There are 2 protein chains.
Amino acid sequence: MPNPTLRDVADAAGVHPATASRALNANTRALVNAETARRVLRVAEQLGYRPNPIARGLKTAKSATIGLVIPDLTNPLFPPIVRGVEDALEEAGYTALIVNTDGDPERERTLVESLRSRQVEGLVIATALVHHPLLEELQRSDIPMVMVNRRAEGIEAPYVGPDDAAGIELAVRHLAQLGHRRIAHVAGPATTSTGVARARAFGGAVRELGLDHGPELMVTCTQWTEGAGAAGLRQLLDGTEGVTAVVAGNDLIALGCYDVCAERRIDCPDELSIVGFNDMPFLDKLRPPLTTVSVPNTQIGTDAARLLLEALHGTDRSARSVLLPTSLVERGSTAPPGGR
Amino acid sequence: MPNPTLRDVADAAGVHPATASRALNANTRALVNAETARRVLRVAEQLGYRPNPIARGLKTAKSATIGLVIPDLTNPLFPPIVRGVEDALEEAGYTALIVNTDGDPERERTLVESLRSRQVEGLVIATALVHHPLLEELQRSDIPMVMVNRRAEGIEAPYVGPDDAAGIELAVRHLAQLGHRRIAHVAGPATTSTGVARARAFGGAVRELGLDHGPELMVTCTQWTEGAGAAGLRQLLDGTEGVTAVVAGNDLIALGCYDVCAERRIDCPDELSIVGFNDMPFLDKLRPPLTTVSVPNTQIGTDAARLLLEALHGTDRSARSVLLPTSLVERGSTAPPGGR
DNA sequence: CACCACGCTGCAAGCGTTTGCAGTCCGACT
DNA sequence: AGTCGGACTGCAAACGCTTGCAGCGTGGTG
């Protein structure tokens with residue numbers, strides 16, 4: 001028999017399937033005679049019995065599965081998060097179903113639909129937009145969920161992400177300390193909470209430190225991509241003078257800034273310091289190595305998964321918004337203004 | 001009712017659940033009166049009915065799910081492959097369950113176990129080793145599978161990967177054309193088919209082109225990592241003189257070579273040309289931008305998934321080993337020996 | 001006119017588990 | 001000695017769907 005069933009085990013152990021079921025399930029095991037339980041366990045072991053989660057799921061309406069909604073796995077920001085989620089789920093015997101929305105709300109909708117039809121017990125969402133109709137619907141249908149990395153307004157669900165404000169402040173302080181007075185921000189899209197939080201934090205930091213500030217020192221990109229970052233910096237540079245440093249909304253945007261430096265023959269860091277956000281892999285191999293704000297992405301994933309599991313198991317510690325600490329990784333893309 | 005069941009639909013449409021089932025399933029729809037079918041469809045639509053794949057799976061012993069076994073999602077080589085697999089599966093209504101083995105056979109075994117218990121219909125394996133007991137077992141238990149990126153000896157399953165030999169030849173030819181005569185190879189582990197295939201191809205190419213060759217010009221790393229690559233190149237450089245170029249087993253190993261250049265103050269490309277393999281993202285941002293062999297990774301994923309689906313649906317075109325074409329991306333890490 | 005074939009629909013079993021309920025047995029208590 | 005309670009175990013239904021088989025009515029054929 002390719003896959004022994006509970007019935008097979010029961011027969012082999014000379015008990016009723018119900019008894020076998022109870023013996024096999026850790027929390028009902030107490031109901032059955034210790035000796036019998038042992039025997040069942042042993043037989044199950046011998047036969048190589050593996051419970052069929054599908055059948056179990058049908059009965060219990062649980063699938064031991066959650067959905068993980070990300071924009072694009074190919075974006076280096078996400079693999080660590082995914083990995084973190086999977087690792088945390090694995091401990092609990094859960095599995096993640098991953099979908100890539102490519103940032104398309106339509107696609108997102110159908111994908112979430114398909115996740116739900118697959119009976120996922122909860123959702124980890126990495127695609128939140130500030131205003132997000134789909135999430136509002138989901139909230140109403142009260143399927144447990146947690147947002148990572150970005151959050152949506154008016155959604156109760158827990159959120160796990162980096163402490164954007166602290167991270168940005170780290171970056172700005174670092175640049176100020178190097179002597180920069182005129183620092184610009186190439187922000188991420190205002191449609192994402194991360195974009196606005198970082199922009200706001202940037203504004204606060206420069207003001208607080210008494211540095212130059214004003215709308216001409218901020219530009220917001222339409223996307224979190226290299227291309228958009230490049231476009232952003234171009235626009236910014238065309239609109240103002242004397243900028244010696246830029247804080248990018250994230251590493252991808254920072255890469256776009258690198259491209260602009262190359263195309264305009266601006267020396268980084270001597271003429272323009274750049275700092276990124278996220279510390280994605282291989283940044284230390286860039287020309288120059290990118291100074292950036294490091295974020296514990298894997299931990300974001302594990303924390304999010306754990307929060308979700310708690311929600312599923314009713315252990316409602318109702319932990320809201322976990323903000324994970326960031327740190328600054330100083331590399332070669334920042335230097336005192338005008339070279340040393 | 002939160003989730004309308006087939007029964008609900010049937011009742012609402014005034015038919016028996018069996019009829020509703022047939023009407024809803026595209027390939028049994030012909031069995032039911034066109035008018036009735038339409039009605040059922042309409043009602044289902046109205047009620048927002050979504051079939052419960054768990055129940056269906058229980059009955060049909062199909063889960064519409066496959067397992068995807070990779071070493072580590074965090075390795076930039078894999079996201080594109082995963083993405084390809086997912087995209088191809090999505091079309092067919094299938095989903096992938098992803099597991100990370102971290103290269104640990106023990107872990108791999110238990111993870112595959114858990115996949116099987118989740119009733120995956122097939123497996124895409126990206127962790128193949130030349131000698132791979134687990135895969136042999138799986139083959140015996142004849143669960144459909146396909147290997148990507150690496151293959152195992154003695155396994156019948158189809159394989160989808162880059163044309164390693166052609167890719168390496170491209171690299172060697174390129175270097176020869178630049179004037180290099182003494183080219184070394186920092187190979188990937190001999191436990192992986194990719195490692196040995198590329199090493200063999202390298203040997204063939206240098207010989208064929210009449211370049212220097214010999215065992216002192218080849219070193220094989222213990223892992224596909226930056227660290228192992230660095231160790232490999234150090235060892236090689238310590239063992240021989242006059243090497244002006246190296247072909248790395250993959251990009252990660254090439255990165256390790258970069259590290260050695262930095263630590264030994266060897267100028268790349270003027271003193272040492274380096275070429276990688278895979279063309280993972282952001283290589284163009286390195287110092288210097290890495291010349292590498294580009295591989296259609298996403299396509300590897302889609303092709304593999306399609307092959308697996310064919311196997312599942314019995315469309316046994318028995319397509320074996322698909323070798324995808326590679327191309328050379330010339331960037332800044334290669335130059336004529338001794339500078340221009 | 002009887003019969004058959006065919007198109008459609010309903011019946012019911014069953015996929016592998018879980019679980020409320022009911023039974024059995026035995027030791028202990030009154 | 002009779003009864004009660006407790007510890008186990010078995011019974012059977014149910015989860016939502018698919019599918020072989022049988023039933024029904026209709027139209028066509030011999």
Side-chain angles (χ1 to χ4, degrees), chain A residues 1-41 43-44 47-65 93 114 116-121, chain B residues 1-41 43-44 47-65 93 114 116-121:
Chain A
M1 49 255 55
N3 270 331
T5 131
L6 180 59
R7 212 198 148 73
D8 297 332
V9 176
D11 288 354
V15 298
H16 191 271
T19 309
S21 168
R22 286 188 271 253
L24 259 6
N25 265 7
N27 38 345
T28 48
R29 188 165 309 150
L31 295 179
V32 12
N33 181 294
E35 167 57 25
T36 317
R38 244 193 311 279
R39 182 156 36 97
V40 172
L41 258 353
V43 172
L47 262 48
Y49 168 75
R50 305 201 111 287
N52 180 335
I54 307 228
R56 187 207 304 268
L58 181 54
K59 179 63 183 180
T60 59
K62 300 219 176 313
S63 57
T65 291
S114 93
R116 301 206 61 184
S117 82
R118 276 181 180 270
Q119 314 296 121
V120 296
E121 294 178 40
Chain B
M1 50 255 52
N3 270 332
T5 131
L6 180 59
R7 211 199 148 73
D8 297 332
V9 175
D11 288 354
V15 298
H16 191 271
T19 309
S21 168
R22 286 188 270 253
L24 259 7
N25 264 7
N27 37 348
T28 48
R29 187 166 308 150
L31 295 179
V32 12
N33 180 294
E35 166 58 24
T36 318
R38 245 193 307 279
R39 181 154 40 95
V40 172
L41 258 352
V43 172
L47 262 48
Y49 169 73
R50 303 201 112 291
N52 181 334
I54 307 227
R56 188 209 304 272
L58 183 52
K59 179 63 183 178
T60 59
K62 301 218 174 313
S63 58
T65 291
S114 95
R116 300 206 62 184
S117 83
R118 276 182 180 268
Q119 313 295 124
V120 295
E121 295 178 39

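Quick caveat, the model's predicted, so the values are computed rather than measured. Proteins come first, then strands; the chains are lettered A, B, ... in the order of their sequence lines, and each starts at number 1.
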(message) Among residues at least two apart in sequence or on other chains, which ones pass side-chain contact (heavy atoms from CB on, under 4.5 Å) with A:L24?
(response) A:L6, A:V40, A:L41, A:A44, A:Y49
(request) Would you indicate, yes or no, if C:dC8 has its OP1 or OP2 atom less than 4.0 angstrom from a side-chain nitrogen or oxygen of B:T36? (result) no
(request) Grab the two heavy atoms, one from B:L47 and one from B:A12, that are nearest each other, plus how far apart they are. (result) CD2-CB, 4.3 Å
(request) Output all residues satisfying side-chain hydrogen bond (donor to acceptor under 3.5 Å, both in side chains) with A:R7, sequence neighbours left out; order by chain, then residue number. (result) none
(message) Taking the axis from the first five pairs and the axis from the last five, what angle separates them in the helix from C:dC1-D:dG30 to C:dT30-D:dA1, rounded to 10 degrees?
(response) 70°
(request) For A:R50, check side-chain hydrogen bond (donor to acceptor under 3.5 Å, both in side chains) against everything at least two apart and list the hits. (result) B:E113
(message) Which heavy atom of A:V43 sits nearest to which heavy atom of A:A13, and what is that distance?
(response) CG2-CB, 4.0 Å
(message) Expected output is a numbered-order residue list: members of residues 23-34 of chain B with a heavy atom under 4.0 Å from any atom of DNA chain D. What is it?
(response) B:N25
(request) Quick one, give me the B/S/- string for nucleotides 11-16 of chain C, reading 5' to 3', where B means a protein heavy atom under 4.0 Å from the base and S means that only happens at the primed atoms, P, OP1 or OP2. (result) BB-BBB
(message) Below 4.0 Å from chain B heavy atoms, what is the first contacting nucleotide of DNA chain D and what is the last?
(response) D:dG16 to D:dG20
(request) Just jot down the salt bridge (charged side-chain N to carboxylate O under 4.0 Å, His left out) partners of B:R38, sequence neighbours excluded, or say none. (result) B:E35
(request) Sort and list the pairs that fulfil salt bridge (charged side-chain N to carboxylate O under 4.0 Å, His left out) and have at least one residue in residues 52-62 of chain B, not counting sequence neighbours. (result) none
(request) Return the set of residues passing side-chain hydrogen bond (donor to acceptor under 3.5 Å, both in side chains) with B:R22 (not counting sequence neighbours), or none when no residue passes. (result) none
(request) Taking side-chain hydrogen bond (donor to acceptor under 3.5 Å, both in side chains) as the test, write out the residues that go with A:Q119, two or more places apart. (result) none
